[in-house]
Amino acid sequence: MKQTISLLSAVAAVLLTGCGKQKAFVSDNFAVSPTPLEYVAGEVPATISINVPAKVMPKKAVVACTPVLKWNGGAAAGDPFTLQGEKVEANNTIISYKNGGHATMRFCVPFQEGMEKSELFMQFNAHKGKKVLKMPTVKIGYGTQYTAALITRTAKTANFGLAPDNFQRVINQKQEAAVKFLIGQANLRGSELNSQTIQDFIKTLKNIKNDEESLVLNNIEVSAYASPDGSYALNEKLAEKRSSVSEGYVNQQLKQQKLATNVDTKFTAEDWEGFQALVTASNLPDKDIILRVLSMYEDPELREREIRNVAIVYKELADAVLPELRRARMVINYDVIGRSDDAILALVDTDPAKLSLEELLYAANVLVTSDTQKQPILSNAIKYYPNNYRAYNNLGMLAMRQGDNDGAQRYLRQALGIDANAPEPNVNLGMLALQNGQFKDAEMYIAKGVGANNFEEALGHLYVAQGKYNQASTKFAKSVNNSAALAYILAQEYAEAGKTLTSIKNPDATTYYLRAILAARMQQSADVKENLAKAIALDPSLTQRAANDAEFSDYNK
């Protein structure tokens, strides 16, 4: 709310002595914006416009104007602003005696308790030469509207940063084996079938057979290749034969394990992709030139001829690169099926040590709803997996919801002790700092919270605390809570504020108080009284705040 305060005109006073009496400064000479004064980012700032009428400022006068905010039991003075007549030799704002003049000054003092019901005065220190001139103090404004300070209250019921679980009931897995062939051949050699990759391949098939409830075989892929030397027609037949032989081996192993699945086969006559990858990774001289030259030829026969033409490196290619391309790959694709929700909950109660960290976090995050159920699950997660920050963070989040700020601080700092860059504990400590009015600390922590699931909302809280209301409202686009409504009110987006307040599922005292503020701004007196009554019924401590709140100045007379 912005308006010029009109007060009783001061009784004629002698501003400066000289040729008779002069006109005095009165309240109408000052316009304060905003009026009432407003709390912004822990301070009470204002712009004061001074309009000096003609024939008020004698040419040799100097007047220091000092704004002072007064409330019951306290006062705070802003920086003085000095005016001078046109014949004074100084560097202050000059006011013409004949025409008057205009000046603008800034007022800003730290907010203190009690300022919510206060009055702003202008005091004067005037002199003409060595003569001190007495001037009456005038009232120029009042305040302080401290709606933005509610951010420390709404932050207590905000969405906090939950560290996620990575639980997956179905996990896709692969087991790969490879065999190599001699040049021009397609038979599987015993030395290749005894390799570790083949043994692991067979072992995986046995495990799937022995645990068909938890391991599900999807399919097996067989891919066979020939190296890009020799004629293309020969290589195509060779690669196809290698594919067929490898498929036969896979089917033999499936039959032995009494398993059935699709065996998907393919073959590549000349493995140029593999060739390029191996040459790139090699120490061959001029390998970049070799690859550049070969890339100029799309015809496989021409490329094969050019490989042989690179005589200086062909032996190294033949020894180190080409044998690696004469191969077949066999890949088992299977799923690991995790425990059911019921099985996880049963172990939560009977033997939590058997559960993985992800299962414990999943149980706490998803399978149970009350904080009393979540608490022991997260405590077990810390017990069995003490080197992961997420359970500590989530216990800290529970403590925040319960109003146990000391416990929350302890858990969150333990989380940061494990991972100083973890986003969730940083953003949660930022929200705690906001609740305590520690805005600098909040900024430091929230800046490290990028990636937390509530980062955007936390940033919105910070913007409210910093007085950046329009920026704040954009950060609450997906939020339906008291903080979002407060941001919309402060940004004067009243339609969004009303929509948000009516959408809050479990309104509390703060919700009704914000509804009363919105009603007051919309001049809906009946709604003001109704919502204030509901707010105070839920939280009697709001009685005194409402009595002093400048938002309700028209209703407290």
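Here the structure is a predicted model, which means the values were calculated and not measured.
Judged as a salt bridge (Lys or Arg N to Asp or Glu O under 4.0 Å), not a single pair has a partner in residues 100-118 (not counting sequence neighbours). Within the structure, the salt bridge (Lys or Arg N to Asp or Glu O under 4.0 Å) test picks out no pair touching residues 70-99 (sequence neighbours left out). The list of salt bridge (Lys or Arg N to Asp or Glu O under 4.0 Å) pairs with a residue in residues 517-531, not counting sequence neighbours, reads Arg521-Glu551, Glu530-Lys534. Within the structure, ring-ring contact (aromatic ring centres under 6.0 Å, His included) contacts touching residues 340-383 (residues at least two apart or in different chains) are Phe167-Tyr362. Sorted by first and then second residue, the ring-ring contact (aromatic ring centres under 6.0 Å, His included) pairs with a member in residues 48-68 form an empty list; sequence neighbours excluded. Counting only residues at least two apart or in different chains, salt bridge (Lys or Arg N to Asp or Glu O under 4.0 Å) contacts with residues 440-463 comprise Glu456-Lys475.
For the residue pair Asp165 and Asn365, a side-chain donor N or O sits within less than 3.5 Å of a side-chain acceptor on the partner. Neither side chain, Asp342 nor Ser340, offers a donor N or O lying under 3.5 Å from an acceptor on the other. Side-chain atoms of Arg410 and Gln414 form no donor-acceptor pair, as typed in the model, at a separation below 3.5 Å.
Judged by distance alone, with hydrogens and angles left aside, the side-chain atoms of Asn426 form a donor-acceptor pair with the main-chain N or O of Ala422 at under 3.5 Å. Remark: the backbone N or O of Ile50 is paired with a side-chain donor or acceptor of His102 at under 3.5 angstrom. A donor-acceptor distance shorter than 3.5 angstrom exists from the side chain of Asn453 to the backbone of Leu162, with no hydrogens or angles considered.
The minimum heavy-atom distance between Pro386 and Ile418, with the atom names listed, is O-CD1, 3.4 Å. Between Lys174 and Asn333, the closest heavy-atom pair is NZ-OD1, 2.7 Å. Residues Ala452 and Val427 come closest through the heavy atom pair CB-CG1, 3.8 Å. Taking both residues in full, the closest heavy atoms of Ala458 and Ile446 are given as O-CD1, 3.6 Å, listed atom of the first, atom of the second, then distance. Contact detail for Ala433 and Ala442: the closest heavy-atom pair is CB-N, 3.6 Å. Between Lys505 and Pro507 the shortest heavy-atom distance is O-CD, 3.3 Å.
No side-chain heavy atom of Leu69 sits less than 4.5 Å from a side-chain heavy atom of Glu119. With contacts defined as side-chain heavy-atom distances shorter than 4.5 Å, the pair Tyr512/Leu538 qualifies. Taking the side chain as every heavy atom from C-beta outward, Gln435 and Leu432 approach each other to under 4.5 Å. Val68 has its side chain out of reach of Leu120: every pair of non-hydrogen atoms, C-beta onward, lies at least 4.5 Å apart. The closest side-chain heavy-atom distance from Cys108 to Val44 is not below 4.5 Å. Counting heavy atoms from C-beta on, the side chains of Ile94 and Val88 never come closer than 4.5 Å. No side-chain heavy atom of Val368 sits under 4.5 Å from any side-chain heavy atom of Gln375. Within the 4.5 Å cutoff, the side chain of Tyr555 has heavy atoms near those of the Ser525 side chain.
Here the OG1-CE distance, from Thr47 to Met105, works out to 10.0 Å after rounding to the nearest 0.5 Å. Remark: Tyr146 OH to Leu37 CG distance equals 14.5 Å, nearest 0.5 Å. Distance check, rounded to the nearest 0.5 Å: OG of Ser483 to CZ of Phe476 gives 5.0 Å. The distance from atom CD of Gln84 to atom CD1 of Ile95, rounded to the nearest 0.5 Å, is 9.0 Å. One distance of note links CD of Glu358 with CG of Asn166; it measures 4.5 Å at 0.5 Å rounding. Taking OG1 of Thr152 as the reference point, atom NE2 of His461 lies at 10.5 Å (rounded to 0.5 Å).
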Point to revise | From CA spacing to verdict: side chain to side chain contact (heavy atoms under 4.5 Å, CB included), Asn481, Asn159 | key: CA-CA 9 Å; Asn481 53 31; Asn159 293 314; 3.7 Å; yes
Review point. Taking it one step at a time, do Asn436 and Leu434 satisfy side chain to side chain contact (heavy atoms under 4.5 Å, CB included)?
Key: CA-CA 5 Å; Asn436 296 325; Leu434 276 171; over 6 Å; no
Review point. Would Val348 and Gln373 satisfy side chain to side chain contact (heavy atoms under 4.5 Å, CB included), going step by step from the backbone distance to the final call?
Key: CA-CA 10 Å; Val348 161; Gln373 292 173 303; over 6 Å; no
Check your understanding: Step by step, would you call Phe121 with Val138 a side chain to side chain contact (heavy atoms under 4.5 Å, CB included)?
Key -> CA-CA 6 Å; Phe121 295 88; Val138 296; over 6 Å; no
Point to revise | From CA spacing to verdict: ring-ring contact (aromatic ring centres under 6.0 Å, His included), Phe81, Phe107 | key: CA-CA 10 Å; Phe81 186 84; Phe107 169 76; over 10 Å; no
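Looking at residues two or more places apart in sequence or on another chain, you find no salt bridge (charged side-chain N to carboxylate O under 4.0 Å, His left out) involving Asp335. For Thr82, the side-chain contact (heavy atoms from CB on, under 4.5 Å) partners at least two apart in sequence or on another chain are Val62, Ala64, Asn92. Partners of Ser473 under the side-chain contact (heavy atoms from CB on, under 4.5 Å) rule, at least two apart in sequence or in another chain, are Tyr488, Ala491, Glu493. Remark: Ala163 engages Tyr389, Arg390, Asn393, Asn394, Glu424 in a side-chain contact (heavy atoms from CB on, under 4.5 Å) (not counting sequence neighbours). Asn482 is linked by a side-chain contact (heavy atoms from CB on, under 4.5 Å) to Thr154, Thr157, Ile504, Asp508, Thr510, Thr511, Leu514, counting only residues two or more places apart in sequence or in another chain. When the salt bridge (charged side-chain N to carboxylate O under 4.0 Å, His left out) test is applied to Lys374, no partner is found at least two apart in sequence or on another chain.
Within a 6.0 Å sphere centred on CG of Asn72, heavy atoms belonging to other residues, nucleotides or ligands number 12 at most. The neighbour count for Asn91 CG, taken as heavy atoms of other residues, nucleotides or ligands under 6.0 Å away, does not exceed 12.
Between Tyr411 and Tyr392, the ring planes lie tilted relative to each other; the angle falls in the 30° to 60° range. Relative ring orientation between Phe25 and Phe124 is described as parallel, the plane-to-plane angle staying below 30° on a 0-90° scale split at 30° and 60°.
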